[in-house]
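I have placed the structure first, in the form of structure tokens, so that the comments after it can refer back to it.
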Protein chains: 2
Amino acid sequence: MPRNRRPQDRETKSAEIVAAAATLFADVGYEKTTMAAVARAAGVTTTTIYWYVEDKEALLLAVLDHLLATILGDLEQLVDRSPTDQLLWIVERLQEQSRLVTTVHALATTSEAVGAWHDGFHELTDAMLAEGLREVGVPEERVPAMTRLGVFAIEGLLMHPLPPQEQRAVLELLTTGHGHG
Amino acid sequence: MPRNRRPQDRETKSAEIVAAAATLFADVGYEKTTMAAVARAAGVTTTTIYWYVEDKEALLLAVLDHLLATILGDLEQLVDRSPTDQLLWIVERLQEQSRLVTTVHALATTSEAVGAWHDGFHELTDAMLAEGLREVGVPEERVPAMTRLGVFAIEGLLMHPLPPQEQRAVLELLTTGHGHG
DNA sequence: ACCTGAACACCGTTCAAGT
DNA sequence: ACCTGAACACCGTTCAAGT
């Protein structure tokens, strides 16, 4: 048996478990997803999961980390696009994961680890949005408040699906300072 | 035994159960609050709760309804204040209940009933905010988008506590169209 | 009508035992 | 090192039995 076969397998199986959890969390929701269901979807026993992950919350964090890494990876392909385009693309991606977004918010106050993840995520997206605003020519002293408002708007759109035109109207109001014409 | 004693008692005890649940939901969170804990706090047996309420979710809805009624009741005292003042006052009240806010969002997609409550709540707050914007002189065609953005900002502030000055900066940017000076 | 103790189903997690 | 079946603790909920 080759020396490096085990680690390979370990990563593969771990990835399968995380992938199964990601799908179920997005479809059924975190709270309603059973560890047994994750195990079934991943083709292992329930107890096996605990060999790869400390508990259900750690599984959630693994899913979040994987998701974030995937999004950031795909984003590299879009470096040449405008910051606004990049942001809109992120919104689309997160919209598919709105259940996970609300779950993170719900657990952020209760769980130290999820709270830390949430803070880290916002540091990243805040910085990205601020950068975009500066590139668009927003004066420096307005950047912080606009960044906040922008993030709030994005989260709001994630959690309250709106018809495309209304969604667009909100984002236009946000960026240009006046609603549609 | 007087004819009307029972109904009185029933309402009292029901109110005690809902009050106990409201406190625990706000402090510990909905998911982490045990029906046994609610019962203990209300001075009844766990099973007794099920005489007054169908299940845990119905208990949540009772808490939400009571909270909303209380807030709207108190708001009557402030009719002479400006819409902005009224809104700020509501934000403060909801800020004490941010756990409940995230819980509603988390369950809104899963539960029909919570989803309906959430929609009703937004209809109400959206209408209030729109009214306030009109009174402040916002042109009619900008009202819808600004209302949306305003609600998103408020929810954002509820879920991401900010230092007072930054909170103020966001609200000012929202209402005046430019950040602090 | 209202309340209860005992019991049930379900779920996250642990553990002793296997390979 | 990795995996499992059996068992445990906990929780929402039900039910037969009481007043």
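Just the heavy atoms: all of them, side chains too, but no hydrogens, waters or symmetry mates, feed the values below. Owing to the predicted nature of the structure, the values given are computational and were not obtained by experimental measurement.
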Legend entry - Donor + acceptor pair across side chains of H160(B), H122(A) (<3.5 Å): yes
Inset, instruction - Dot-bracket notation for DNA chain C is requested: 5' to 3', Watson-Crick or G-U wobble pairs only, both distances under 3.5 Å, with ( ), [ ], | and . as defined. - result: ||.|||||...|||||.||
Legend entry - Rounded distance (Å) that lies between atom P of dT14(D) and atom CD of E54(B): 8 Å
Nucleotides 3-7 of chain D: which of its N/O atoms have a protein N/O under 3.5 Å away?
residue : atom : partner : partner atom : Å
dC3(D)  : OP1  : K13(A)  : NZ           : 2.9
dC3(D)  : OP2  : Y52(A)  : OH           : 2.4
dT4(D)  : OP2  : T45(A)  : N            : 3.3
dT4(D)  : OP2  : T45(A)  : OG1          : 3.2
dT4(D)  : OP2  : T48(A)  : OG1          : 2.3
dT4(D)  : O5'  : T45(A)  : OG1          : 3.1
dG5(D)  : O6   : T47(A)  : OG1          : 3.2

Inset, instruction - Provide the full list of side chain to side chain donor-acceptor pair (under 3.5 Å) pairs with a residue in residues 20-44 of chain B, sequence neighbours left out, each pair given once. - result: none
Legend entry - For E140(A), all residues meeting salt bridge (charged side-chain N to carboxylate O under 4.0 Å, His left out), sequence neighbours excluded: R134(A)
Legend entry - Backbone of L157(B) reached by a side-chain donor or acceptor of Q167(B) within 3.5 Å: no
Inset, instruction - Please confirm whether the backbone N or O of F152(A) pairs with a side-chain atom of E155(B), one donor and one acceptor, at under 3.5 Å? - result: no
Inset, instruction - Measure across M35(B) and T46(B) and return the closest heavy-atom pair with its distance rounded to 0.1 Å. - result: CB-CG2, 4.1 Å
Inset, instruction - Heavy atoms only: give me the nearest V143(A)-L133(A) pair and the separation to one decimal. - result: O-CD1, 4.1 Å
Legend entry - E54(B), CD atom: more than 12 neighbouring heavy atoms under 6.0 Å: no
Legend entry - F121(B) vs L64(B), side chain to side chain contact (heavy atoms under 4.5 Å, CB included): CA-CA, chis, key distance, verdict: CA-CA 10 Å; F121(B) 180 80; L64(B) 293 175; over 6 Å; no
Inset, instruction - Tell me, yes or no, whether the heavy-atom count around R93(B) atom CZ, taken from other residues, nucleotides or ligands under 6.0 Å, exceeds 12. - result: yes
Legend entry - Within residues 24-38 of chain A, residues whose heavy atoms come under 4.0 Å of DNA chain D: none
Inset, instruction - Let me know the distance between OH of Y50(A) and P of dA9(D), rounded to the nearest Å. - result: 16 Å
Inset, instruction - In whole angstrom, give the distance that lies between atom CD of E11(A) and atom P of dC2(D). - result: 11 Å
Inset, instruction - Specify the separation, in whole Å, of atom CG of D55(A) and atom P of dT13(C). - result: 5 Å
Legend entry - Qualifying residues under ring-ring contact (aromatic ring centres under 6.0 Å, His included), relative to H66(A), sequence neighbours excluded: none
Inset, instruction - For K56(A) and dC10(C), give me the distance from atom NZ to atom C1', rounded to whole Å. - result: 12 Å
